[in-house]
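A short write-up of the structure that comes next.
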Protein chains: 2
Amino acid sequence: MTDLAELEQFLTGKGCKLTRHRRVILQALLDLAGWSSAREIHTYVLARNHKVNFSTIYRNLDALTSIGLLCRVERADAISYYTLNQASGHHHHLICKSCHRISELEFCPLTQMDPQTLQNFTEVECKFDLYGFCRDCQEKAQEPNAD
Amino acid sequence: MTDLAELEQFLTGKGCKLTRHRRVILQALLDLAGWSSAREIHTYVLARNHKVNFSTIYRNLDALTSIGLLCRVERADAISYYTLNQASGHHHHLICKSCHRISELEFCPLTQMDPQTLQNFTEVECKFDLYGFCRDCQEKAQEPNAD
DNA sequence: AAGGCAAATGCAAATGTTTGCATTTATCTC
DNA sequence: GAGATAAATGCAAACATTTGCATTTGCCTT
Ligand SMILES: [Mn+2]
Ligand SMILES: [Mn+2]
Ligand SMILES: [Zn+2]
Ligand SMILES: [Zn+2]
């Protein structure tokens with residue numbers, strides 16, 4: 001989904017109301033491209049002369065993530081970032097602790113687990129992310145003038 | 001490690017200073033047994049007539065976790081719980097979304113992954129936890145007077 | 001025992017995010 | 001189009017946790 005009309009249709013198809021705020025938040029995600037924080041989206045929306053409360057941004061990013069329209073990742077600095085969900089299904093992420101670059105991980109540990117280890121838990125959700133230093137940040141660290 | 005002297009020795013062995021606050025926090029963890037939140041530990045410590053600042057509790061729980069003395073888990077309601085680390089090595093958890101019961105998971109996804117999927121990231125840390133409904137909470141949900 | 005130094009602490013303010021509640025809005029039915 | 005209804009919103013306060021900075025403390029060396 002790369003155009004606004006398509007996103008809006010998906011939204012209403014999930015029983016969500018199509019508000020002015022939602023439209024401009026979706027447009028922000030399309031225009032900004034890649035990953036954005038709630039603050040970045042809020043700033044962008046305000047710059048477009050749409051007065052929207054910060055909590056509305058958070059509530060909508062949460063709602064859009066719940067219906068699968070967005071993908072949410074928490075960086076090592078504890079700030080959440082969002083992007084339009086390109087992937088088809090459930091997946092996870094590999095996040096750089098230095099530059100915060102985010103890569104997709106096809107792998108999901110839940111599918112590899114022996115059902116017996118789940119101790120009869122139901123509706124099991126998998127929170128899984130890997131944090132490390134990406135190739136670029138390793139090279140930078142080895143240069144003499146690195147910080 | 002189930003006694004105070006042993007914990008203190010481990011602490012100093014890691015190059016940490018042995019302060020009055022640290023001693024009483026370790027004693028709280030021993031006495032409370034099982035999992036406790038920062039607030040619960042703070043309350044316990046105050047009840048023992050030790051005036052300790054809340055941020056000191058957090059800083060110490062963090063420090064004790066870093067050196068491997070404590071195990072930290074974030075519940076579904078976003079409150080962190082801590083316990084004296086019984087396990088020998090790195091492991092993960094299975095947490096009930098209703099009663100917040102915490103079980104140990106032997107499984108670590110990082111060991112099951114093809115090194116190629118890590119895209120040359122180094123010092124990779126694995127954040128992995130499963131959230132579901134435990135057996136007791138499923139049964140309660142089926143009773144007529146469940147909430 | 002005294003002095004020096006890094007680590008630990010108290011305090012207040014800040015962090016990003018969530019929530020309760022009164023009001024507004026989008027959508028459905030007539 | 002008017003009215004009903006649930007969802008969405010603005011606002012302020014709250015949440016758990018972290019942080020900056022001045023002060024204190026524990027520990028090492030003399
Ligand atoms: Mn993704
Ligand atoms: Mn554990
Ligand atoms: Zn990087
Ligand atoms: Zn349970």
Side-chain angles (χ1 to χ4, degrees), chain A residues 7-26 28 35-46 49-67 69-70 72-82 95 97 100 127 129, chain B residues 7-26 28 35-46 49-67 69-70 72-82 95 97 100 127 129:
Chain A
L7 293 168
E8 290 179 358
Q9 196 181 336
F10 185 88
L11 201 77
T12 53
K14 290 281 183 180
C16 297
K17 288 184 184 176
L18 189 49
T19 68
R20 204 179 325 110
H21 292 342
R22 289 213 168 125
R23 248 187 293 257
V24 70
I25 289 171
L26 286 174
W35 297 85
S36 318
S37 67
R39 167 148 283 123
E40 288 166 358
I41 291 165
H42 189 222
T43 300
Y44 183 93
V45 165
L46 291 182
N49 289 335
H50 290 86
K51 195 181 161 232
V52 185
N53 194 268
F54 212 166
S55 63
T56 301
I57 301 284
Y58 272 110
R59 271 193 275 236
N60 277 319
L61 291 175
D62 206 44
L64 298 179
T65 303
S66 289
I67 63 171
L69 212 48
L70 301 186
R72 172 184 173 157
V73 161
E74 191 176 336
R75 303 196 321 194
D77 61 4
I79 304 179
S80 287
Y81 275 71
Y82 304 83
I95 305 145
K97 287 186 268 193
H100 306 293
K127 279 204 178 180
D129 283 304
Chain B
L7 293 168
E8 290 179 356
Q9 196 181 336
F10 185 88
L11 201 75
T12 53
K14 291 281 182 179
C16 298
K17 288 183 180 174
L18 189 49
T19 67
R20 203 178 326 109
H21 292 343
R22 289 215 167 125
R23 248 188 292 257
V24 69
I25 288 171
L26 285 174
W35 297 86
S36 317
S37 66
R39 166 147 284 124
E40 286 166 359
I41 291 165
H42 189 222
T43 300
Y44 183 93
V45 165
L46 291 182
N49 289 337
H50 290 85
K51 195 181 163 233
V52 185
N53 193 269
F54 212 165
S55 63
T56 300
I57 300 284
Y58 274 109
R59 271 192 275 237
N60 277 319
L61 292 175
D62 205 43
L64 298 179
T65 304
S66 289
I67 63 172
L69 211 49
L70 301 187
R72 171 184 174 158
V73 161
E74 190 176 336
R75 303 197 321 194
D77 60 4
I79 303 178
S80 287
Y81 275 72
Y82 303 82
I95 306 146
K97 286 186 269 192
H100 306 294
K127 278 203 179 181
D129 283 305

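Just so we're on the same page: letters track the sequence lines, and every chain starts at 1. Owing to the predicted nature of the structure, the values given are computational and were not obtained by experimental measurement.
- Considering every non-hydrogen atom in both B/Phe10 and B/Ile67, the closest pair reads CE2-O, 3.4 Å.
- With a 4.5 Å cut-off on side-chain heavy atoms, B/Arg23 and B/Leu18 count as touching.
- Atom CD1 of B/Ile41 is separated from atom P of D/dA16 by 14 Å (rounded to the nearest Å).
- Within the 4.0 angstrom heavy-atom criterion, only backbone atoms of the sugar-phosphate kind lie near B/Ser80; the bases stay farther away.
- Distance CG (B/Leu26) to P (C/dA8): 13 Å, rounded to an integer number of Å.
- Using a 4.5 Å heavy-atom threshold, the side chains of A/Asp129 and A/Glu74 count as separate.
- For A/Arg22, the listed nucleotide lying nearest its side chain is D/dT9; candidates were D/dC11, C/dA7, D/dT9.
- Comparing B/Arg23 and B/Tyr82 by the nucleotide of DNA chain D that holds the closest heavy atom to each, the one mapping nearer the 5' end is B/Tyr82.
- No side-chain donor-acceptor contact under 3.5 Å links A/His42 to the backbone of A/Ser37.
- Whole-Å rounding puts the A/Ile57 CD1 to D/dT9 C1' distance at 11 Å.
- Among C/dT9, D/dA6, D/dA16, the nucleotide with an atom closest to any side-chain atom of B/His21 is C/dT9.
- The nucleotide whose nearest atom lies closest to any side-chain atom of A/Cys16 is, among D/dA8, D/dA16, C/dC11, D/dA8.
- Rounded to whole Å, atom P of C/dT25 lies 12 Å from atom NZ of A/Lys51.
- Across D/dA8, D/dA16, D/dC11, the shortest atom-to-atom separation from the side chain of B/Tyr58 is found for D/dA16.
- With distances taken from any side-chain atom of B/Ser55 to the nucleotides C/dC11, D/dT9, C/dG16, the minimum falls on C/dC11.
- Heavy atoms of B/Arg59 sit under 4.0 angstrom from at least one base atom.
- Neither OP1 nor OP2 of D/dT25 sits under 4.0 Å from any side-chain N or O of B/Arg20.
- Contact check, A/Thr56 against D/dG10: a side-chain N or O comes under 4.0 Å of OP1 or OP2.
- For the residue pair A/Tyr81 / A/Arg72, no side-chain donor-acceptor distance below 3.5 Å is found, with atom types taken as modelled.
- Atom NE2 in B/His42 sits about 13 Å away from atom P in D/dA16, given to the nearest Å.
- Remark on DNA chain C: of its neighbouring residues A/Ala38 and B/Thr19, the 5'-side contact belongs to B/Thr19, judged by nearest-heavy-atom nucleotide.
- Remark: P of D/dT17 and CZ of B/Arg39 are 8 Å apart, rounded to the nearest angstrom.
- A/Leu11 has its CG atom 14 Å from the P atom of D/dA7, to the nearest Å.
- Out of C/dC11, C/dA8, C/dA26, the shortest distance to the side chain of B/Asn53 is found at C/dC11.
- Here D/dC27 is the nucleotide among C/dT9, D/dC27, C/dT25 with the atom lying nearest to any side-chain atom of B/Leu18.
- If you take CD1 of A/Ile79 and C1' of D/dT19, they are 14 Å apart, rounded to a whole angstrom.
- Contacts of A/Asp62 with the nucleic acid, taken as non-hydrogen atoms under 4.0 Å apart, are absent.
- Nucleotides of DNA chain D nearest to B/Lys17 and B/Phe54 differ in position, and the one nearer the 5' end is that of B/Phe54.
- When atom types are taken as modelled, the side chain of B/Asn60 and the backbone of B/Thr56 share a donor-acceptor pair closer than 3.5 angstrom.
- Taking 4.0 angstrom as the limit, B/Asn60 places a side-chain polar atom (N or O) nearer than this to OP1 or OP2 of C/dT9.
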